[in-house]
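Each ligand, and each atom within it, is numbered from 1 in the order the structure gives.
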Amino acid sequence: MVNFYGVELKTEKNIVLNKYDALLVIDMQNDFLPGGSMPVEGGDSIIKDINDVIEIFVDGIVVHSQDWHPPNHLSFASNHPNKNPGDEFNSKDGAIGPILWPDHCVENTYGARFHKKVNTKMINKIIQKGMNPEIDSYSAFLENDKKTETGLREYLNSFNIKRIFICGLALDYCCYNTAMDGVNFNFETFFMIDLTKGIDEPPGNITNSLKKMSTNGIKFATKNSLKIW
Ligand SMILES: [Zn+2]
């Protein structure tokens with residue numbers, strides 16, 4: 001057991017990787033890293049270990065997701081009158097919210113690019129998400145309407161992927177939602193707790209996310225859980 005953000009989690013050991021495994025690297029983009037428009041604290045501290053893990057996925061599949069918004073995206077506080085980043089906002093269908101964000105990851109801008117230190121040489125597939133101005137997409141599988149698929153499930157199924165390993169940013173939004181959808185889609189889902197950092201907005205969101213994942217069949221692992229040779 002490890003204590004992570006105050007939650008006791010059992011971590012898996014001696015995982016031997018195979019060709020039916022996929023590593024999902026979530027949103028390692030300039031705007032989510034220090035210097036960006038909505039940096040996740042400590043986000044840069046996980047880059048080296050993520051790169052190390054990417055290198056050992058030689059037999060499996062490496063997918064990077066990329067938040068990719070039009071400038072008029074309704075998750076941006078700037079697109080609502082009298083709203084500020086962090087303000088609560090819930091569209092009736094859950095497509096936007098529970099809070100509004102600063103402008104970030106606008107398509108074809110520097111902020112939307114993968115951070116230059118992140119290993120992108122082994123990418124098998126990039127899944128872009130959040131392109132519909134009226135629907136946000138935290139999960140790499142499903143937009144926030146929880147109906148529209150991004151294509152990730154179909155892609156993974158085309159390679160007969162059985163297990164997914166999730167790392168990246170941010171723990172309590174895009175990584176969490178990707179993990180919850182992944183397990184619902186019947187992938188054996190491993191959440192890499194030392195390869196992610198959270199936002200914790202609203203406060204307590206990180207511990208709530210960890211508790212929900214642990215009660216929904218998601219397994220927890222660290223870089224050291226992966227047996228390389
Ligand atoms: Zn976004």
Side-chain angles (χ1 to χ4, degrees), residues 24-44 46-47 50 63-81 83-116 118 120 123 125-153 166-182 191 195-203 205-206 208-209:
L24 309 184
V25 183
I26 304 299
D27 297 6
M28 291 299 288
Q29 297 165 256
N30 288 320
D31 271 343
F32 294 134
L33 287 154
S37 67
M38 48 184 286
V40 181
E41 194 179 336
D44 49 345
I46 58 174
I47 293 176
I50 287 178
V63 178
H64 287 238
S65 70
Q66 189 173 35
D67 217 27
W68 193 258
H69 298 307
N72 62 342
H73 199 261
L74 291 179
S75 74
F76 300 169
S78 64
N79 288 321
H80 299 265
K83 290 285 186 190
N84 293 307
D87 284 356
E88 279 186 32
F89 186 91
N90 284 291
S91 63
K92 58 183 182 306
D93 50 4
I96 301 289
I99 58 175
L100 295 172
W101 305 107
D103 292 17
H104 64 277
C105 299
V106 175
E107 57 194 7
N108 299 306
T109 63
Y110 175 80
R113 280 191 211 160
F114 295 121
H115 191 277
K116 65 177 189 289
V118 174
T120 52
I123 292 181
K125 179 80 174 172
I126 295 171
I127 294 286
Q128 294 183 324
K129 59 189 180 66
M131 283 97 85
N132 182 334
E134 295 178 356
I135 307 178
D136 211 352
S137 189
Y138 295 146
S139 163
F141 283 104
L142 284 174
E143 295 187 358
N144 287 9
D145 61 2
K146 292 297 169 197
K147 290 189 292 233
T148 311
E149 294 207 31
T150 61
L152 178 57
R153 171 164 69 157
I166 294 166
C167 64
L169 300 170
L171 185 159
D172 45 332
Y173 279 91
C174 295
C175 296
Y176 163 75
N177 281 282
T178 300
M180 293 292 275
D181 288 342
F191 200 82
L195 305 180
T196 181
K197 293 285 178 187
I199 300 174
D200 212 26
E201 284 286 344
N205 204 36
I206 291 177
N208 288 340
S209 303

Q: Before accepting this row, confirm whether a basic side-chain N of the pair Lys129/Asp27 lies closer than 4.0 Å to the acidic partner's carboxylate O.
A: yes
Q | Shortest-distance N, O or S atom of His69 relative to the Zn ion (ligand 1) | A | NE2
Q. Closest N/O/S atom of Asp67 to the Zn ion (ligand 1), by atom name?
A. OD2
Q) N/O/S of His73 less than 2.8 Å from the Zn ion (ligand 1)? A) no
Q: Flag the pair His73 / Asp136 as yes when at least one side-chain heavy-atom distance between them is below 4.5 Å, and no otherwise.
A: yes
Q. Does a side-chain heavy-atom distance below 4.5 Å link Trp101 with Asp67?
A. no
Q) Would the number of heavy atoms belonging to other residues, nucleotides or ligands and lying under 6.0 Å from CD of Glu134 be above 12? A) no
